[in-house]
Amino acid sequence: MKKTTQHNKIITGLDKVKQDILEILEETYQGTSTALNFSTPFELMVATILSAQTNDNQVNKITESLFKKYRTPQQFSTLQPEELEQEIKTCGLYKNKAKNIIAAAKLIQDQFDGQIPQTREELMLLPGVGRKTANVILSNAFGIPAFAVDTHVFRVSARLGLSSGTNPAVTESELTALIPEEKWGDAHHWLIWHGRKICIARKPKCSLCPVNQLCPSNQEYEEAK
DNA sequence: AACTCGGGGCA
DNA sequence: TGCCCAGAGTT
């Protein structure tokens with residue numbers, strides 16, 4: 001039983017570090033979150049598909065004029081790929097995205113009565129919608145709790161020891177268990193913001209990191225310099 | 001598990 | 001000018 005007690009103490013200590021990290025991130029990045037406001041779930045889906053491997057700026061620049069011309073699944077489903085490609089050319093990967101968006105619109109028309117589905121399983125049937133995009137739609141459009149794990153969330157949470165870094169789905173469940181539901185939205189923004197500004201993929205700026213004293217990966221990056 | 005799509009941002 | 005990137009699909 002002594003072993004069990006000791007084990008519990010170690011787990012508690014680790015959890016304390018995780019909570020400290022999350023608290024510092026919260027203080028550091030408060031007010032930096034940007035709301036995802038689109039008038040319909042379908043528009044959010046289109047914008048989220050467009051944002052893959054692309055700077056948000058590129059998407060924000062075109063969505064207003066794009067949705068002024070086309071808004072509904074019905075309207076997108078009748079587009080020719082070349083028409084949509086022209087509209088979204090500045091977002092990168094545009095041929096795939098155009099094809100997927102049109103196909104998704106058709107599927108919503110044909111199989112979902114023109115309404116975008118509200119379960120992850122059904123959302124992931126839509127071309128161009130993977131687990132991350134499905135979770136973005138669930139949480140932002142329908143208020144259904146779902147932690148969207150993109151590459152930033154995946155990398156940063158793994159480096160900080162908040163997750164195992166096995167794969168995005170595992171990270172999703174680990175963060176879901178670690179962070180209180182009412183803070184998922186904030187935590188998501190902190191991790192992404194931190195990943196963009198400080199904990200970047202190559203040569204992370206550990207000296208500027210507000211949690212570098214608590215981070216299990218800090219030493220390794222400092223030594224690598 | 002590796003490859004592909006791709007223009008824009010940034011060193 | 002070259003390298004990298006807020007994913008998802010295919011093989």
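Here is the naming used below: chain letters follow the sequence lines, and residue numbers restart at 1 for every chain.
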Nearest-angstrom distance from the residue atom CD1 of A:Ile62 to P of B:dG6
14 Å
Please tell me which of the listed nucleotides, B:dG6, B:dG9, C:dA6, lies nearest to the side chain of A:Lys61?
B:dG9
Hydrophobic cluster membership, with links at side-chain heavy-atom distances under 4.5 Å among I/L/V/M/F/W/Y: are A:Leu66 and A:Ile49 in one?
yes
What's the CG-P distance between A:Asn60 and C:dA6, to the nearest Å?
16 Å
Starting at atom CG of A:Asn55, determine the distance to atom P of B:dA11, rounded to an integer number of angstrom.
13 Å
So, OP1 or OP2 of C:dG7: does either fall under 4.0 Å of a side-chain N or O from A:Gln53?
yes
Quick one: label A:Thr133 by what it contacts on the DNA or RNA (base, sugar-phosphate, nothing), any heavy atom closer than 4.0 Å.
sugar-phosphate
Which residue lies toward the 5' end of DNA chain C, A:Asp56 or A:Leu126, if each is placed at its nearest nucleotide?
A:Asp56
Give the rounded distance in Å between these two atoms: OH of A:Tyr94 and C1' of C:dG7.
18 Å
C1' spacing across the pair C:dA6 / B:dA2, given as an integer number of angstrom:
22 Å
Separation of C:dG7 C1' from A:Ile137 CD1 (nearest whole Å)
13 Å
Length of the CD1-P vector between A:Ile200 and C:dA6, whole Å:
10 Å
Suppose you measure atom P in B:dG6 against the same atom in C:dT11; what distance do you get, rounded to whole Å?
16 Å
Scan A:Thr54 against the nucleic acid and name what it touches under 4.0 Å (heavy atoms): base, sugar-phosphate only, or nothing.
base
Taking any heavy-atom pair under 4.0 Å as a contact, classify A:Val129: base, sugar-phosphate, or nothing.
sugar-phosphate
From the list C:dG7, B:dG8, C:dC5, which nucleotide is the closest neighbour of the side chain of A:Ala52?
C:dG7
Between A:Arg202 and C:dC4, is there a contact of a side-chain N or O with OP1 or OP2 at under 4.0 Å?
yes
Using a cut-off of 6.0 Å, state whether more than 12 heavy atoms not belonging to A:Asp113 lie near its atom CG.
no
Taking any heavy-atom pair under 4.0 Å as a contact, classify A:Ile88: base, sugar-phosphate, or nothing.
nothing
Whole angstroms only, please: what is the CG-P distance between A:Leu93 and C:dC4?
16 Å
Does a side-chain N or O from A:Gln58 land closer than 4.0 Å to OP1 or OP2 of B:dG9, or not?
yes
Begin from the C-alpha positions of A:Glu83 and A:Lys89 and carry the test salt bridge (charged side-chain N to carboxylate O under 4.0 Å, His left out) through to its verdict.
CA-CA 10 Å; A:Glu83 296 179 87; A:Lys89 229 175 183 21; over 6 Å; no
Over all atoms of both residues, closest heavy-atom pair of A:Leu160 and A:Cys215:
CD2-SG, 3.9 Å
N or O in side chain of A:Lys132 less than 4.0 angstrom from C:dG9 OP1/OP2:
no
Going through the checks in order, is the side-chain hydrogen bond (donor to acceptor under 3.5 Å, both in side chains) test met by A:Thr54 and A:Gln58?
CA-CA 7 Å; A:Thr54 305; A:Gln58 296 309 116; over 6 Å; no
Counting any heavy atom closer than 4.0 Å, what does A:Lys203 reach on the DNA or RNA strands: base, sugar-phosphate only, or nothing?
nothing
Between B:dG8 and C:dG9, how far is it from one C1' atom to the other, in whole Å?
23 Å
note: A:Leu50, atom CG; B:dG7, atom P; distance rounded to Å ~ 15 Å
Please classify the nucleic acid contact of A:Lys89 as base, sugar-phosphate, or nothing, using heavy-atom distances under 4.0 Å.
sugar-phosphate
Below 4.5 Å, heavy atoms only, C-beta onward: do A:Met45 and A:Leu126 meet side chain to side chain?
yes
